[in-house]
There are 2 protein chains.
Amino acid sequence: MTTRISSSSSRGRAYGGRSLDERRSKRRAQFVEAGIAVFGRDGFRAATVKSLCREAGLTERYFYESFANSEALFAEVYKTLVKRLEDDVVAAIDAAPAEPEATARAGLHVFFETMYRQPGTARILLIEIFGISGDIDRLYRETTQNFTRMLQELVGSIFALGEGSGTDARILSTGLVGSTIHIAMYWTLNRYGDPLEVVVESSLALYVAMARQSRAQDRA
Amino acid sequence: MTTRISSSSSRGRAYGGRSLDERRSKRRAQFVEAGIAVFGRDGFRAATVKSLCREAGLTERYFYESFANSEALFAEVYKTLVKRLEDDVVAAIDAAPAEPEATARAGLHVFFETMYRQPGTARILLIEIFGISGDIDRLYRETTQNFTRMLQELVGSIFALGEGSGTDARILSTGLVGSTIHIAMYWTLNRYGDPLEVVVESSLALYVAMARQSRAQDRA
DNA sequence: TACGTTTGACAACGAATAATGTCAATATGG
DNA sequence: CCATATTGACATTATTCGTTGTCAAACGTA
């Protein structure tokens, strides 16, 4: 232990024109981008701290400066990608005609387009997320719940899901979100062997069918 | 190398009243059961060869007698559980009234009941399966495809999915299967916080809605 | 009974990797 | 210019685990 405590002084001083906090958060961001690249390419299992550092162009010391372990970085990567996707989907929805089917189509289009254009993102969001740890499982569950809630609010009229015949609205929504996720997963694992538009329309058809079913029940 | 080749002789002789093949396949089966227990309890990542041997009551030598590595055992475990589930589902369907909705309900009931009564099985089939390796990903994709095909045949009339509006029947089926899988996953991760019957009915509602939608399209 | 087979307990070797530590080179502010 | 904060390359330590090998005891068969 040679560290000395200098009460006033130059600890945490500027470097390269940036404050300590700025440098730290820049390095942290570098690791998040490296994580997106490495986890998306090699998967979580095959990723090592060294490979993440190599990709980030930084050394282990700085990795542990920002993250307790690679699982913590993965959680951050996941949250970052979800946030970006969410922003894109919301933007597309806002730009679409204010009509339920068009809204849903616009959101689904951006979702599937992202999965297609960024296979690494697809791999992280759809596949790698599972089975890492209990904490990560919880993160997935919470994220999916948020997405389900968001869909319910945004395309509210489609989701006027009747409570008839012993069903539960939240479970129905979960099923619809699940159908979309699963179609995307299947599409990804099949190396995008179907045209984007067909995938979007097929996924959308499930929402539309459920909406009609609900309206039919309301009438009865 | 002290192994000598005795051409006629007692190599591969009986032991404990069982032939070599019988003993081998019994040991193999022990490892599969151990894998179900360990992978279901600890997950694939946390499972070691030693822990699998301890659970099986056998030593490493016999592990490598039957499997190249723990991934190979996992594949076998997965196939075994899928087969059992498939048999149970088919049996329930055969016993149900020969009417599409009742058939689908019976199948879904057995599916969700299995997930509820065997959380380890649920964990392996719904969560651990992802992100282990490219080979395992392929196994999942093929299994899901088979299940989709089976559902299409068994409840054929429900799946009279119209090809209208730019959709694809296989993708629609994938979406329906995905909704069920995802509801089960959600239910499992939420520690089975909803009543079984509500889960079954909600999952079923999506199939029913899609069927009505298809019939409506046929009429048009 | 005598021989080789089979079994199980456990040692041992090597590889990989997480996490921490060392040290010299460099940059900064006074 | 000097003291010190900062950085980066690399070493080190400790642990874990996969895989193969050793050996004695138990067993079956001729």
Side-chain angles (χ1 to χ4, degrees), chain A residues 1-28 30-31 34-35 38-39 42-75 132-133, chain B residues 1-31 34-35 38-39 42-74 132-133:
Chain A
M1 276 307 187
T2 57
T3 311
R4 205 136 14 117
I5 296 172
S6 50
S7 51
S8 63
S9 99
S10 44
R11 285 192 319 147
R13 73 185 182 199
Y15 215 83
R18 297 170 193 277
S19 74
L20 175 59
D21 281 354
E22 286 171 335
R23 281 171 285 147
R24 265 216 269 260
S25 64
K26 176 164 187 280
R27 286 192 290 257
R28 187 187 168 86
Q30 276 178 267
F31 276 113
V38 173
F39 292 140
D42 307 337
F44 177 78
R45 253 171 252 270
T48 65
V49 173
K50 282 201 191 339
S51 73
L52 291 162
C53 292
R54 210 178 310 127
E55 181 78 30
L58 294 168
T59 58
E60 289 96 322
R61 178 177 5 168
Y62 295 112
F63 181 87
Y64 292 107
E65 175 192 53
S66 288
F67 305 97
N69 47 45
S70 56
E71 184 185 316
L73 173 59
F74 184 87
I132 290 180
S133 75
Chain B
M1 277 302 186
T2 57
T3 310
R4 209 143 2 122
I5 296 172
S6 50
S7 52
S8 62
S9 99
S10 44
R11 285 194 318 147
R13 72 186 182 197
Y15 215 84
R18 298 168 192 278
S19 74
L20 175 59
D21 280 354
E22 286 170 336
R23 281 171 287 147
R24 265 217 268 259
S25 65
K26 178 165 185 279
R27 286 192 290 258
R28 186 187 168 88
Q30 277 178 267
F31 276 113
V38 172
F39 293 141
D42 307 336
F44 178 78
R45 275 184 172 78
T48 65
V49 173
K50 284 195 188 353
S51 73
L52 291 163
C53 293
R54 209 178 312 128
E55 182 77 28
L58 294 169
T59 58
E60 289 95 325
R61 181 181 358 169
Y62 295 112
F63 181 87
Y64 291 106
E65 175 192 52
S66 288
F67 304 98
N69 48 44
S70 55
E71 185 184 317
L73 173 59
F74 184 86
I132 290 180
S133 76

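Quick note on labels: first sequence line is chain A, next is B, and so on, each numbered from 1. On a predicted model such as this, the values are computed, not experimentally measured, just so you know.
If you take CG of A:Leu20 and C1' of D:dA5, they are 10 Å apart, rounded to a whole angstrom. The OH atom of B:Tyr62 sits 14 Å away from the P atom of C:dT5 (whole-angstrom rounding). The interatomic distance linking B:Tyr15 (OH) with C:dT5 (P) rounds to 12 Å, in whole Å. Atom P of nucleotide D:dT7 and atom CG of A:Leu58 are separated by 10 Å, given to the nearest angstrom. To the nearest angstrom, C1' of D:dT7 lies 13 Å from NZ of A:Lys26.
Taking CZ of B:Arg45 as the reference point, atom CZ of A:Arg45 lies at 3.5 Å (rounded to 0.5 Å). Taken to the nearest 0.5 Å, the CZ atom of B:Arg61 stands 11.0 Å off from the CG atom of B:Leu58. Note: B:Lys26 NZ to B:Arg18 CZ = 5.5 Å, rounded to the nearest 0.5 Å.
Closest to the side chain of A:Arg23, out of C:dG8, D:dT7, C:dT20, is D:dT7.
Remark: A:Tyr64, A:Ala68, A:Asn69 in residues 63-75 of chain A come within less than 4.0 Å of DNA chain C through at least one heavy atom. Interface residues of residues 46-54 of chain B facing DNA chain C, ordered by number: none; criterion, heavy-atom separation under 4.0 Å.
When every heavy atom of A:Ala56 is checked against every heavy atom of A:Gln30, the shortest pair comes out as O-NE2, 3.1 Å. Nearest approach of A:Gly35 to A:Leu52, heavy atoms of both residues: CA-CD2, 3.9 Å. Of all non-hydrogen atoms in B:Arg28 and B:Ser66, the two that sit nearest each other are NH1-O, 3.2 Å.
With contacts defined as side-chain heavy-atom distances shorter than 4.5 Å, the pair B:Arg23/B:Arg27 qualifies. A heavy-atom distance below 4.5 Å is found between the side chains of A:Lys50 and A:Arg54.
The residue B:Arg27 sits close only to the backbone: its heavy atoms come under 4.0 Å of sugar-phosphate atoms, none of a base. Using a 4.0 Å heavy-atom distance criterion, A:Arg18 is classed as making no nucleic acid contact.
For A:Tyr62, the ring pair (Phe, Tyr, Trp, His ring centres under 6.0 Å) test picks out no residue, with sequence neighbours left out. Every residue meeting the ring pair (Phe, Tyr, Trp, His ring centres under 6.0 Å) condition with B:Phe39, not counting sequence neighbours, appears here in chain and number order: B:Phe44, B:Phe74. Every side-chain contact (heavy atoms from CB on, under 4.5 Å) that B:Ser19 has, sequence neighbours left out, goes to B:Asp21, B:Glu22.
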Please write out each protein N/O paired with an N/O of nucleotides 23-25 of chain C under 3.5 Å, distance rounded to 0.1 Å.
none

